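Just so we're on the same page: letters track the sequence lines, and every chain starts at 1. Fair warning: this is a prediction, and the values are worked out from it, not measured in the lab. Only heavy atoms go into these numbers, but all of them, side chains included; no hydrogens, no water, no symmetry mates.
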2 protein chains.
Amino acid sequence: MAIERRPLRDQIREELMLRLERGDFAAGTDINEAVLAGELGVSRTPLREALITLAGEGVLESNQGRGFRFAPVSRKEFRELCAIVAALEALALESSDPAHLREIAPELLRLAREFSVDVAARQEIERHDDEWHDLLLSGCGNERLLDLITSVKAGMRRYTHLMSGDGTPTARAAEEHRRIAERLLEDDLQGAVSALRDNWVNGMERMIPRIP
Amino acid sequence: MAIERRPLRDQIREELMLRLERGDFAAGTDINEAVLAGELGVSRTPLREALITLAGEGVLESNQGRGFRFAPVSRKEFRELCAIVAALEALALESSDPAHLREIAPELLRLAREFSVDVAARQEIERHDDEWHDLLLSGCGNERLLDLITSVKAGMRRYTHLMSGDGTPTARAAEEHRRIAERLLEDDLQGAVSALRDNWVNGMERMIPRIP
DNA sequence: ATGTAATATTTTGTATGCAGAATTCATAGT
DNA sequence: ACTATGAATTCTGCATACAAAATATTACAT
């Protein structure tokens, strides 16, 4: 049995991200450290450490004397984040090992098709989408880049719970994934890259109207 | 008089970055929190908070039970960082306000020329280069992107003190800056973007041999 | 001399305590 | 009724204290 042996701050960070995705915290709300620490059953010290890392990722804001609060969402910021992730994922895909891409292309296509028929819960969809992108970029040797993408995407999780119901996004995302996979099957890397960029742009457009 | 009122962790972070640039810490060395806190005249708590943010930026590594240490440098990582910053700055430049770019182009050109004749100290050169890039991207409205660039560049500061003496890099960098500015003067945004990418690629090639 | 087990020391990770800033609430004045 | 002022409270930011893990040291057996 591999017992859990890692800093509390990491576990706390994870738990907070989970709650954030569930929409437990309204954006723009102040965090009460003592209360939250009590809920989690830890002291304020590791909690604050987790909050500081989240602030570094842009999930939280911190003001002198006023503590931390969940950064408010805005269409402008969402657009900014999408542009950033699009560029980073495009770079990651471009610098991936072509042989590896050829290898995983069929799997990517299969998952994309499976995705389209699947009418799962919203959270399932998110997870599936994340995993698909992870697989897509699994051939990128640039570790720093992958870390950075993960970090920026963490900042985007604040927006995911705004998207509920409505099956059309799923269908369209699947369609786009399929297109990316097909380009890879044809050894058309640049085509795949621009299809990936389209995927992010379209995903953004789909989300924008739901943001206040 | 605007008195300084900001968290110790920020000031500590700044001080540590300064020391890092001066080459005070050898990469790969463990940090003793108690000793360092003593040197800085603060307690371990805000110091650890600063260390955690630096770890988030990739300047430090942290291992369970073993605390923090300066992340070792490597050619591979430097290449990775350059590729990331190149992509991010390219995106920032692309999404800048064209009118603003037209406006600052002459100033950018002037600074680039001034740069080439100036034979200042290494630290001065770095500062100048940073300011030039800041001005170049000053028309980008994507705040998250600018923050991210700053953060990634912080991780690159570990490499700057490896570059000493040797005037040729300066001359070539000035030349490249000049080229970028000229493209902007001609309203050739895409040309400027690719010149910017070249600037990073070339800068990388110049540095690589100096890294163990 | 070398390797190993037991112990002591150091150092990190977490909890608690405390001072001061920010906010809230009550009260007085217009 | 509304604003201003000031006390009371809450909460953060930082310091200190404690517990557990890691490292160094010693003693001992081979």
Handout entry: Worked verdict on Asp24(B) versus His161(B) for side-chain hydrogen bond (donor to acceptor under 3.5 Å, both in side chains)
Key = CA-CA 10 Å; Asp24(B) 286 9; His161(B) 81 276; over 6 Å; no
Exercise for the section: Considering only NZ, NE, NH1 and NH2 on the basic side and carboxylate oxygens on the acidic side, decide whether Glu80(A) and Arg144(B) come within less than 4.0 Å. Expected result: no
Problem - Base versus backbone protein contacts along nucleotides 8-15 of chain D [heavy-atom cut-off under 4.0 Å; B, S, -] - result: ---SBBSB
Practice task
Take atom CD of Gln11(A) and atom P of dG13(C), then tell me their distance rounded to the nearest Å.
Solution key: 13 Å
Problem - side-chain contact (heavy atoms from CB on, under 4.5 Å) between Leu40(A) and Arg19(A), intermediate numbers included - result: CA-CA 12 Å; Leu40(A) 296 170; Arg19(A) 295 191 180 195; 3.6 Å; yes
Exercise for the section: Starting from the C-alpha separation in whole Å, work towards a yes-or-no answer on salt bridge (charged side-chain N to carboxylate O under 4.0 Å, His left out) for Arg13(A) and Glu57(A). Expected result: CA-CA 11 Å; Arg13(A) 180 188 168 286; Glu57(A) 290 173 324; 3.0 Å; yes
Handout entry: Trp200(B): which of Glu176(B), Glu205(B), Glu89(B) passes side-chain hydrogen bond (donor to acceptor under 3.5 Å, both in side chains)
Key = Glu89(B)
